[in-house]
Amino acid sequence: MITTTMETAKTFILLGWRNLWRQKRRSLVVILSITIGVVLMLLQIAIMNGMITQMLENNISTKLGHISIAKKGFFDDMKLESNFFPDPSMLDRIRNEKNVVAVAPRVKAFAMIRSSETSRGVIVMGVYPDREKKISKINEYTLAEQGGRYLDDPASNDILISKSLAEKLDVSVGDKIVLLVHDEDSEMTNYGLTVRGLFQTPVRDYDNGVIYMGIKRLQEITGLKDNVSEVMVITTNKNVVDSVKPRIVKSVADDNLEILTWKEMAPFLLSAIAMIDKQMIVFYFIVFITIIFSIANTLIMSIMERFHELGVMKSIGTRPSQIFFIIMFEAMNLGAVGLGVGVLISIAAVNILAIKGIDFSLFMEAMRQWGAGSIIYPLIYARDIVISVVVVEFTTLLAAVYPAVKAARIKPLEALHYI
Amino acid sequence: MSIITISSLTKTYDGGGIEVKALRGIDLAIGRGEFTAIAGPSGSGKTTLLNLIGGLDHPTGGALTVAGSDLNRMTPRELSDIRLNKIGFIFQAYNLIPVLSALENVEYILLLQGVAKGERRDRSRRILEEVGLGREINRLPKELSGGQQQRVAVARAIVSEPELVLADEPTANLDQKTGSSLLDLMHDLNHQKNITFLFSTHDAMVMDYAERIIRLSDGMIISDDKKKSGRESSVKKVKKKK
């Protein structure tokens, strides 16, 4: 019984497939419209995916990390007084937790940087140069131009500033600048430092507002001694933070410390992702509308042309429900061809575009503000393909219901007289 | 024993506000294995009668039983099933499914009946060979001549060995030689398989082959004659013309 039903379905699919090519040009136009809809939808999704991924990765790889441990209140105002001593045994315990990849302390302080030309307010990031390589990409972002290089000594007077900040201050590698920072007595003190290298991250605002120097030297000039502002934790990936955080809370076991994941530190990122997800729904809807009208129109025309033939099929014993399925299969074939071609083109296009990325710097100011960077590398996931298959096939079948019902209700005698 | 029993059958159409009486009280019984022609001029009601017997239309009044089923009491689905399982149709315009090959067209009926693939293929091939199309099985209808298409239609109508085959002017689009050869084929099938054939026609050759001729005029039976099939004489006439 099941075998026969399968064979009947197979024959109906075959009928639908052959009927599809009776009006080649018309079917191709519909297939093309579905293909274009799918390609536009998947490219848009791929660009959004790229944007979200870059936005998260850039924020995580520069300022956030995956998990941060700081004294309570530090995350609210980033005051220098909110510091703590990172007990080495505590750091070891955290480092040994499952899914933890790297742990490194940082000192963060507000300061003024001054050149002979101008001055700027910045956040000074005191880091251990070696350990920082494991928790951020600042090493990779350091430019080789002008003989610049990454920091190597946590106690030296060397600093890293961004290329854009260097241009604003009119300084280059090897030049001296003055850093004005609060010391332990809350008094502003000047320190002469040397620009050791220039960096450029994909986040312009970050570049303009952050400089790097050795943590030991910053602890010395701020009077923090061995204390730090925060301890950054990097996990195997950004999605495991919710399961890692409770274990770190247990390892730290200090009520004076606060432990936040990147999601808690930057809720605006999650809001931006939610907003992008809503935009996706709009794109799905546009494709939905395109498909529903072109399929319904094509099928109605096709049924009117085959009115007589469908009447014959009913005359010789094809049940109304079987006529309904023949038309549904025809629509499914139409959707499947457009979908298949669209998905293949989209995957190829995404892979090609991902090689060099798409430069949105001329008109996408907001993306830079979100930290996505101006060049977006589109990304497509299997999930997106599955969603597009479901959306397109569901829409196609929905569009076919009315024509299929119409065909199923054809009165055989009326149709036999229709030429 | 009758395969078709008709009593006081009427059919009235609404012809744009004017009542058109296509059938005016037909009483008729067709026995199993008959080779019968319903003859009459255009508008006499022969196609209407055939459509009612085939369950393609509903009568206005009267009773109609085909192969033991009262067609007046059947739902559209039940009518579909009776058309599929008990009646074979042959149309004037062949009416094959254009996207299916000759074999697939014949097989289609068996597929709808749920016959297994192997048996379906074998029976369809065999019947196409019987109608002389053993070499054309994979051709599409558009690749076949009119006579060949009508042979496929005959094969499709009889492949499931129905109790009754209804043929609406089956030779109307064929030349005399092709028409005669098709009638020979149907006559043989009638005798070999005991399938009842009922034709609507105004073709003298079909009437010549028929063993019973029911003449209609203005929706009424005006004569009902049984005779011997003129199959032999018809064949001779064709040969003489050649």
Side-chain angles (χ1 to χ4, degrees), chain A residues 1-24 26-27 302-303 305-327 329-330 333-334 405-419, chain B residues 11 13 47-48 50-52 54-58 75-101 104-121 140-142 153 156-160 162 165-166 168:
Chain A
M1 181 68 188
I2 293 167
T3 317
T4 315
T5 310
M6 290 291 288
E7 281 181 23
T8 311
K10 227 164 89 181
T11 303
F12 289 168
I13 291 171
L14 181 77
L15 259 174
W17 177 256
R18 290 187 188 167
N19 280 324
L20 195 67
W21 302 107
R22 283 165 80 171
Q23 290 284 348
K24 280 198 188 76
R26 187 174 64 205
S27 294
S302 169
I303 287 163
E305 280 169 9
R306 298 195 338 249
F307 195 62
H308 178 84
E309 189 182 311
L310 292 166
V312 171
M313 289 171 80
K314 285 191 88 172
S315 302
I316 59 175
T318 313
R319 287 179 186 164
S321 58
Q322 291 171 321
I323 297 280
F324 176 86
F325 282 115
I326 288 171
I327 302 299
F329 282 132
E330 198 167 322
N333 283 334
L334 205 58
V405 167
K406 206 173 155 61
R409 286 185 180 167
I410 284 175
K411 290 180 179 160
L413 190 61
E414 206 177 294
L416 284 173
H417 290 150
Y418 185 92
I419 304 292
Chain B
K11 178 67 188 179
Y13 291 111
T47 300
T48 303
L50 219 61
N51 287 337
L52 291 173
L56 298 173
D57 205 356
H58 296 283
T75 61
R77 184 180 163 149
E78 285 169 337
L79 284 172
S80 281
D81 288 348
I82 204 163
R83 286 198 297 268
L84 175 66
N85 297 312
K86 297 198 170 173
I87 307 174
F89 286 87
I90 301 168
F91 303 94
Q92 182 181 335
Y94 327 131
N95 287 340
L96 300 175
I97 300 169
V99 291
L100 297 183
S101 68
E104 288 165 341
N105 260 287
V106 176
E107 223 184 314
Y108 182 74
I109 299 290
L110 299 177
L111 178 91
L112 294 181
Q113 287 182 333
V115 177
K117 191 177 180 181
E119 188 189 342
R120 215 164 64 211
R121 278 275 140 111
L140 291 174
K142 66 179 178 191
R156 181 178 67 182
I158 61 169
V159 70
S160 64
V165 170
L166 299 175
D168 185 14

K.L.:
Just do the side chain to side chain contact (heavy atoms under 4.5 Å, CB included) check on B:Asn95 and A:His308 with the steps written out, would you?
P.N.:
CA-CA 9 Å; B:Asn95 287 340; A:His308 178 84; 2.8 Å; yes

K.L.:
For B:Leu56 and A:Leu413, work out which heavy atoms get closest and say how close.
P.N.:
O-CB, 3.5 Å

K.L.:
Are B:Ile97 and A:Val312 close enough that some pair of their side-chain heavy atoms sits under 4.5 Å apart?
P.N.:
no

K.L.:
First locate atom OG1 of A:Thr318, then atom OH of B:Tyr108, and finally report the distance between them rounded to the nearest 0.5 Å.
P.N.:
3.0 Å

K.L.:
Counting only non-hydrogen atoms closer than 4.5 Å, does B:Ile109 touch chain A with its backbone (N, CA, C, O), its side chain (CB onward), both, or neither?
P.N.:
side chain

K.L.:
Look up atom CG in B:Leu100 and atom CG in A:Leu14, then write down how far apart they are to the nearest 0.5 Å.
P.N.:
7.0 Å

K.L.:
More than 12 heavy atoms of other residues, nucleotides or ligands under 6.0 Å from NZ of A:Lys406: yes or no?
P.N.:
no

K.L.:
Of all the heavy-atom pairs spanning A:Lys10 and B:Lys117, show the shortest one and how long it is.
P.N.:
NZ-NZ, 4.4 Å

K.L.:
Under 4.5 Å between any side-chain heavy atoms of B:Leu84 and A:Ile316, yes or no?
P.N.:
no

K.L.:
Where does B:Asp81 contact chain A at under 4.5 Å (heavy atoms): side chain, backbone, both or neither?
P.N.:
side chain

K.L.:
Taking everything shown except A:Phe325 itself, do over 12 heavy atoms lie less than 6.0 Å from its CZ?
P.N.:
no

K.L.:
So, for A:Arg319 and B:Ser80, which heavy atoms are closest and what is the spacing to 0.1 Å?
P.N.:
CA-OG, 4.0 Å

K.L.:
Any salt bridge linking A:Arg18 with B:Glu104? Criterion: basic side-chain nitrogen under 4.0 Å from a carboxylate oxygen.
P.N.:
yes

K.L.:
Could B:Asp57 and A:Lys411 be called an ion pair, given the rule that one side-chain N must be under 4.0 Å from one carboxylate O?
P.N.:
no

K.L.:
Tell me the closest heavy-atom pair linking A:Ser315 and B:Phe89, and the distance in Å.
P.N.:
O-CE1, 3.3 Å

K.L.:
Between atom CD of A:Gln322 and atom CZ of B:Arg77, what is the distance when rounded to the nearest 0.5 Å?
P.N.:
8.0 Å

